[in-house]
Amino acid sequence: MTPKIITTLKTYTRDEFSADLFAGVTVALVALPLSIAIAIASGAVPAVGFVTAIVAGFLISALGGSRVQIGGPTGAFIVVVAGVITTHGYGGLVTATFLAGIILIIAGLLRAGQLVRHVPEAVINGFTIGIGVIIGTSQLPDFFGFTGAFPADFLEKIPALFAALPKLNPASLMTGVVTVVLIILLRRAFPRLPGLIVAVALTSAIVAFFDLPVETIRSRFGELPRSLPAPHLPEMSFATLRELLPSALVIAFLAGVESLLSAMVADRMIGGKHRSNAELMAQGWANIGSSLFGGLPATGAIARTATNVRAGGKTPVAGIVHALTLLAIMMLAAPLAGYLALPALSGLLLLTAWNMSEPHRWGEYARGRRSDLVLLLVTLILTVVTDLTVAIGTGIALGLAMRLSRRGVDDPEWTPRDK
């Protein structure tokens, strides 16, 4: 249960602080456009992405069980957040996030951190790819410069996008394409530098300099705030809590699974070992903190955590520096962020969605156990055409049923790992 920062500060050195300082600033520059883009894609205003990255990012690093975990809003939440906002309004989302935080704290106290490993990997892979598909299609209107509303349902959205193709905005498409190409090139050429912000800032600067007909954060949403909002408790009536409990459970599940998966990835990168129950507790306090400031759900972010490791981050201090750097940017340079072009942010999220689906592992999935492939495909399809609650519930139930059916059966593919 002890936060990693307490352990690491006992032997903290000046060299480690220098490494953490550089890594923290680097990750902040990566998190800035990503957090804003995730907020917009979720159906919220850009400012709440900023707020979530600052508040939740600070708490996850200060209280978490990983040395290098970086927290904030992530792409995995876009689908569920958009659904809650559509059904219950933004106030309902804030209440669901607060409730999810309480659920995560209880899970940590009950030492449920080790239970995540029992969720079938095929289910996790299936809904992750499904989320990537939904995120990708949700970004196409801004990427192509389409105007007007599009259906939220995937099966209705695809024909609507094809029908809108004659209204394509060449300037928006070029801005998005150039952003994607720049991000890929900068990652390969300078992997330790924040290529995301460089690419988005460069294409946005071109849009502003040449006064291209491309929407920006400022043109659609107005000016970004220059300070954090005052904290306040969300609506907590019994009827509201009962109505939002299913959404809160999904948010808590996603936050717990993604944070622990991210922590495990970080362990492999640094040769460390995270404290799973402390991590769950930190996710709980981070989501409560984010909701008090009107922010989005948050969790450990694999991409930002990997960026932190590659930039030389050594301890949770890097994550705290990341949050404080974002706060400084909000206070000193928020007006500049208003010039970020929406097609550039859409290109960033399209690339994020592609990376979430891990295409380099598709061959591995196809060559694996047939039942796992079926489970992955069922979870993927349900995620795309229904919702995450149905997909996760069905996937876990099917996965457990398949595992139980293999026990005691002479299955040549069965291994002790299934126990």
Could you tabulate the donor-acceptor pairs under 3.5 Å formed by side-chain atoms of residues 98-109, not counting sequence neighbours?
none

task: Answer yes or no: is there an ion pair linking E16 with K314, defined by an N-O contact shorter than 4.0 Å?
output: no
field: Under the ring pair (Phe, Tyr, Trp, His ring centres under 6.0 Å) test, residues paired with F58 that sit two or more places apart
entry: none
field: With sequence neighbours excluded, residues passing side-chain hydrogen bond (donor to acceptor under 3.5 Å, both in side chains) with T315
entry: D20
field: Pairing of R361 and E121 as salt bridge, 4.0 angstrom limit
entry: yes
- prompt: Would you say M330 and V51 make side-chain contact, with heavy atoms under 4.5 Å?
  reply: yes
message: Is the shortest side-chain heavy-atom distance between F146 and N169 below 4.5 Å?
response: no
message: Run Q69 and S259 through side chain to side chain donor-acceptor pair (under 3.5 Å) and show every step you take.
response: CA-CA 8 Å; Q69 178 93 284; S259 66; 5.1 Å; no
message: Less than 4.5 Å apart, side chain to side chain, heavy atoms only: is that true for H274 and L260?
response: yes
- prompt: Is it true that atom CZ of F190 has more than 12 heavy atoms of other residues, nucleotides or ligands lying nearer than 6.0 Å?
  reply: no
- request: Go through the structure and list residues passing side-chain hydrogen bond (donor to acceptor under 3.5 Å, both in side chains) with S346, not counting sequence neighbours.
  value: Q139
task: Please check if any side-chain donor atom of E258 sits under 3.5 Å from a side-chain acceptor atom of T299, or the reverse.
output: no
message: According to side-chain hydrogen bond (donor to acceptor under 3.5 Å, both in side chains), who are the partners of T7, at least two apart in sequence or on a separate chain?
response: R275
message: Do I134 and I78 have side chains that approach each other closer than 4.5 Å (heavy atoms only, starting at C-beta)?
response: no
message: Check this for me, if you would: do R367 and D372 make a salt bridge, where the nitrogen-to-carboxylate-oxygen distance has to be below 4.0 angstrom?
response: no
message: Under the criterion side chain to side chain donor-acceptor pair (under 3.5 Å), I'd like the reasoning laid out for T203 against T179: C-alpha separation, chi angles, the key distance, then a yes or no.
response: CA-CA 6 Å; T203 51; T179 302; 2.9 Å; yes
- line: For S276, the side-chain hydrogen bond (donor to acceptor under 3.5 Å, both in side chains) test, sequence neighbours excluded, returns Q114
